[in-house]
Amino acid sequence: MTIEFTHESTRVSAFTDDALGTLDATGVAAAIRSGEIGVAEAAGAATARMRTVDPATRAVRWWASPGGAGPQADRDVALYGVPSAIKENTSFAGLPTTMGSIALSDKVAGKSGPVAEQFAATGVNVLASTVMPEFGLTASAEFAAREPARNPWNTDYSVGGSSSGAAALVASGALPIAHGNDGGGSIRIPAALNGLVGLKSTRGRMAGMPELRLLPINVVCEGVLTRTVRDSAHYVAEAERAVRNLALPPVGHVRGPGRRRRIGLITESVTDFGIAEECLAPVRTLAEELAASGHEIVELSMADLRLDGGFVRDFLHYWGFLTAAEVGAAAAASGRGFTPAELDPVTRSLLRGARRSAPSMPGAIRRLRAVTGNYERMFVEQGVDAMLSPTMTRTTPRIGFLDPALPFGEFMDRTISMVGITPLNNVSGGPAISVPCGFDGAGMPLGAQFAGPAGMESALLELAYEVEELRPFARIDR
């Protein structure tokens, strides 16, 4: 187990010769089933790794009881006994649900919610909850009053968000798999910035937080961050076995690459900031490699999606509305344990913006709802099975780039400049997966995103397997 220091940066690796070794979640589960290692031994190794990397990454928010919560499923499930963690915005019995905020009390949850129940049904052993930006509202876990979460590839850089601590623990090797959720890219963003696999499923595929059913547009989907495609595929199959949405075609257990497909290459952002060439170049190369392996690659334009010219404005208005809904629900649940004066500046600014934009919300919601139909029609009209694009529209930012103490306008411009693709699938409801796609000039990971029509996670996982074969994903200890 090493923490390497140089004059420029710190790279944090937890990989060592213990019970976990370099195994992914599928490998750990197999070792437990065979009796090669025990559940307690796996939990002990993971806990030691987490405690080693946490001072540098600030990834752990709350610890479960020693040894974790223990597997809450039968031994025959896919991930039985695999050590993991859950995001701190998810009600899990025995852990506080603090939503990334110090404004909420740290009272522990008396019972798990449906999201945690589905997560636990896959067999994972929850050892802790993970750090996230306040209410999951931003793309970096940076705070006004405490230390930020840091990227294990280089601790001078952001780990992304909002599933921030989850990404840091998985990328560093402390855990093989961790829970996340995605409301504007919050699984795919940290996956891209940390060299991980991150699947945002079709809207309604996974169990959700009950309060989200009341929203006019549910943009949030639950999932995991992993180092291998097979771990994400195993998780989806087992989660679907526990909770199945009969309105969607089943994903099943996807085990490898599939048939040749027609893929639309997107090289434009939904914003006016465009896409950095460092993010585009490796995706273009990947498209060439996929074409050489028999896939048909065609150029697509954002115009093919028929997005209203005000998509970004409407999404930001809706983001403010979500902020007000989230903060209000959390305050009601916390009662006297809520101290609004301790909210971060960005949260307070979003709440003020929500009040100002309230009159325009009906129109914004109507236009955003229309995105789903236009998105689905595009696949039919253009005759494509999936879209390929960079996950991010700029490279990994340094800590401070998204400091919540920045002037709000500057903070939002910086955010929009780097997150110019991922929100589309939260609004449309279609699935999307981010996979590692090389490194930028600073040595930080880059991601490629495949997006598809509703219900087609299987096709995206098949493509992700193929990328993994074409260019095996780097591990932080290599």
Side-chain angles (χ1 to χ4, degrees), residues 133 135-139 161-162 181-186 188-189 200 202-204 208 211-221 266 268-275 300-328 346-379 387 389 391-394 402 408-432 449 451 453-454:
F135 293 99
L137 297 172
T138 65
S162 65
N181 39 44
D182 192 315
S186 291
R188 291 162 289 151
I189 292 166
K200 180 259 170 208
T202 302
R203 178 159 42 225
E211 59 270 23
L212 297 180
R213 298 176 193 152
L214 304 175
L215 296 175
I217 306 171
N218 183 4
V219 296
V220 180
C221 183
I266 290 280
E268 301 169 335
S269 167
V270 299
T271 76
D272 295 331
F273 289 94
I275 304 176
L300 290 182
S301 167
M302 280 294 174
D304 296 321
L305 290 160
R306 299 177 188 170
L307 293 178
D308 182 273
F311 175 80
V312 174
R313 177 201 61 225
D314 288 342
F315 185 81
L316 291 177
H317 284 340
Y318 194 67
W319 203 243
F321 168 79
L322 290 179
T323 302
E326 271 198 281
V327 174
V346 167
T347 305
R348 294 199 297 270
S349 293
L350 284 167
L351 289 171
R352 287 192 293 270
R355 289 191 289 271
R356 289 194 299 269
S357 64
S360 65
M361 278 307 303
I365 290 169
R366 184 179 65 253
R367 289 185 292 271
L368 290 174
R369 280 177 168 165
V371 170
T372 298
N374 290 335
Y375 175 87
E376 294 292 328
R377 277 191 292 273
M378 184 278 300
F379 289 97
M387 293 190 300
S389 70
T391 308
M392 306 298 295
T393 45
R394 63 161 290 151
L402 292 182
F408 183 65
E410 182 179 356
F411 178 91
M412 291 308 301
D413 281 349
R414 291 184 176 193
T415 299
I416 295 165
S417 75
M418 64 180 281
V419 186
I421 292 174
T422 54
L424 173 62
N425 282 76
N426 298 93
V427 175
S428 71
Q449 176 179 279

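Since this is a predicted model, take the numbers as computed values, not measurements. Nothing fancy with the numbering, it's 1 onward along the sequence.
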Open item on the list: Once salt bridge (charged side-chain N to carboxylate O under 4.0 Å, His left out) is applied, what residue pairs with a partner in residues 317-327 remain, sequence neighbours excluded?
Closed with: none
Open item on the list: Test of understanding: with side-chain hydrogen bond (donor to acceptor under 3.5 Å, both in side chains), list the residues that count as partners of T202, not counting sequence neighbours.
Closed with: E457
Open item on the list: Tell me every residue that passes side chain to side chain contact (heavy atoms under 4.5 Å, CB included) with R355, counting only those two or more places apart in sequence or in another chain.
Closed with: L351, R352
Task: From I189 atom CD1 to D182 atom CG, the distance as rounded to the nearest 0.5 Å - done: 7.0 Å
Task: Nearest non-hydrogen partners of R377 and R306, listed with the distance - done: NE-NH1, 4.0 Å
Task: Heavy-atom closest pair, residues G184 and F315 - done: CA-CZ, 4.4 Å
TODO: Measure the CD-CG distance between E268 and L300 for me, rounded to the nearest 0.5 Å.
DONE: 9.5 Å
- [ ] Indicate the atoms forming the closest heavy-atom contact of A354 with G320, along with that distance.
- [x] CB-O, 3.3 Å
Open item on the list: Could you check whether any side-chain N or O of R203 sits under 3.5 Å from a backbone N or O of C221, counting only pairs where one atom can act as donor and the other as acceptor?
Closed with: no
Task: Criterion side-chain contact (heavy atoms from CB on, under 4.5 Å) on V312 and I416, from CA distance to verdict - done: CA-CA 8 Å; V312 174; I416 295 165; 4.2 Å; yes
TODO: Kindly indicate whether the side chain of T138, heavy atoms from C-beta on, has any atom under 4.5 Å from the side chain of T415.
DONE: no
Task: Polar side-chain atom of D304 near backbone of S301 as donor-acceptor pair, under 3.5 Å - done: yes
Task: Qualifying residues under ring pair (Phe, Tyr, Trp, His ring centres under 6.0 Å), relative to F321, sequence neighbours excluded - done: Y318
TODO: Applying ring pair (Phe, Tyr, Trp, His ring centres under 6.0 Å), name anything that partners F135, two or more places apart in sequence or on another chain.
DONE: none
Open item on the list: Looking at S162 and L137, would you say the former's side chain and the latter's main chain have a donor-acceptor pair under 3.5 Å?
Closed with: no
Task: Residues in side-chain hydrogen bond (donor to acceptor under 3.5 Å, both in side chains) contact with Y375, at least two apart in sequence or another chain - done: N425
Task: Counterpart residues, side-chain hydrogen bond (donor to acceptor under 3.5 Å, both in side chains), relative to S360 (two or more places apart) - done: none
- [ ] Please identify each residue that fulfils side chain to side chain contact (heavy atoms under 4.5 Å, CB included) with M412, with sequence neighbours left out.
- [x] L316, F408
TODO: Decide whether E376 and S428 meet the rule of one side-chain donor and one side-chain acceptor closer than 3.5 Å.
DONE: no
Open item on the list: Suppose we screen for side chain to side chain contact (heavy atoms under 4.5 Å, CB included). Which residues come up paired with S389, at least two apart in sequence or across chains?
Closed with: I266, I421, Q449
Task: Any donor-acceptor pair under 3.5 Å from N374 side chain to L307 backbone - done: no
Task: Note, N218 side chain near R213 side chain (heavy atom, < 4.5 Å) - done: no
Task: By side-chain hydrogen bond (donor to acceptor under 3.5 Å, both in side chains) - contacts of D314 (at least two apart) - done: R367
Task: Smallest separation among heavy atoms of V427 and L368, with atom names - done: CG1-O, 3.4 Å
TODO: Mind jotting down which residue pairs meet the salt bridge (charged side-chain N to carboxylate O under 4.0 Å, His left out) criterion with at least one end in residues 408-425? Sequence neighbours excluded, please.
DONE: E410-R414
Open item on the list: Which heavy atom of R394 sits nearest to which heavy atom of S417, and what is that distance?
Closed with: CD-OG, 3.8 Å
- [ ] Taking all non-hydrogen atoms of both residues into account, name the closest pair between A139 and M418 and its distance.
- [x] CB-CE, 4.3 Å
- [ ] Would you check if the side chain of K200 reaches a backbone N or O of V220 as a donor-acceptor pair within less than 3.5 Å?
- [x] no
Task: Residues in salt bridge (charged side-chain N to carboxylate O under 4.0 Å, His left out) contact with R313, at least two apart in sequence or another chain - done: none
TODO: Could you grab the distance from atom CE of M378 to atom CE of M302, nearest 0.5 Å is fine?
DONE: 9.0 Å
